[in-house]
Amino acid sequence: MNLILLGGPGAGKGTQAKKLIDKFQTPQISTGDILRAAVKEGTEMGRKAKEYMDAGKLVPDEVVIGIIKDRLKQPDCQKGFILDGFPRTVPQAEALDRVLVGLGAKIDHVVSIDVDEEALVTRLTGRRTCKNAACGQMFHIKFTLPKKEGVCDKCGTELYQRDDDNETTVRSRLTTYNQATAPLIGYYSVKGLVRPIAGVGSIDDIFNQIVGILTAGVKCSCGH
Ligand code: AMP
């Protein structure tokens, strides 16, 4: 199963991807996580990417396409993958199509998680993330409190607020999403791949909806 999770920043793509890994044993490929790791390591790519990320803008297509090309060739992707945060532009989607043709693979589902914009701002500005990149568990200061304040329930590592989870950057990320990423819904609808779901309700409810879609076979993009 090759899956794309589509949705605005804070729609729950990362949270759902982590649960899907556990259920389907397929890797999550998050370009955001890969870029943050490069920033942390202080690589040349990381230094350049940070400027875009801090401004709520997209890192240039050629950079993220290069990352994805390398990642999809890895052996752990042969039995399937969950793309989280890629593609984010139509040229990225077109490049992905070309990479997949080369690998003899195809996308099976594009799950589009729909959440109201103001709810996304509330979610992101209150979000806290585990510092341990291998864990990356997410919490919220109002909705998903950790058992011990500031500490990840899953691995015991300190939680932090991502540099781009402040309100100014969040609003810029939403504008970027509406302009550059939302057109992907049309791109994949034409291919009959979009499975829209309402991203409201509990994490488990949304997860069960996604699992229902993935295990029930193909649905029309109108949801029937
Ligand atoms: P995310 O963790 O998916 O919210 O991504 C955080 C930031 O990384 C975004 O706001 C972008 O600056 C950058 N980024 C992640 N994925 C992509 C992508 N596919 N294309 C361009 N920039 C990206």
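Just the heavy atoms: all of them, side chains too, but no hydrogens, waters or symmetry mates, feed the values below. These figures come from a predicted structure and were not determined experimentally. Read the numbers this way: they start at 1 and go in the same order the structure lists the ligands and their atoms.
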Test log, rule side-chain contact (heavy atoms from CB on, under 4.5 Å), inputs His109 and Leu214: CA-CA 8 Å; His109 306 277; Leu214 303 185; 3.6 Å; yes

Taking 4.0 angstrom as the limit, do Asp165 and Arg123 come out as a salt bridge?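 Salt bridge absent between Asp165 and Arg123.
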
Decide, yes or no, whether a salt bridge links Glu44 with Lys48 under the criterion of side-chain N to carboxylate O below 4.0 Å.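 A salt bridge is present here (some side-chain N lies under 4.0 Å from a carboxylate O).
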
Using a strict cut-off of under 4.0 Å between a residue heavy atom and any atom of ligand 1, list the qualifying protein residues by chain and number.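 Close residues (ligand 1, cut-off 4.0 Å): Thr31, Gly32, Leu35, Arg36, Met53, Lys57, Leu58, Val59, Val64, Gly85, Phe86, Arg88, Gln92, Arg162, Asp164, Arg173.
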
Test side chain to side chain donor-acceptor pair (under 3.5 Å) applied to Glu117 - qualifying residues, sequence neighbours left out: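 Per chain and number, Glu117 pairs via side chain to side chain donor-acceptor pair (under 3.5 Å) with Asn178.
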
Stepwise side-chain contact (heavy atoms from CB on, under 4.5 Å) test for Gln16 and Ile203: CA-CA 8 Å; Gln16 295 299 331; Ile203 290 171; 3.8 Å; yes

If we ignore hydrogens and angles and just use 3.5 Å, is the side chain of Thr176 paired with the main-chain N or O of Gly56 as donor and acceptor?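 Yes, the answer is positive, given that a donor and an acceptor are paired below the 3.5 Å cut-off.
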
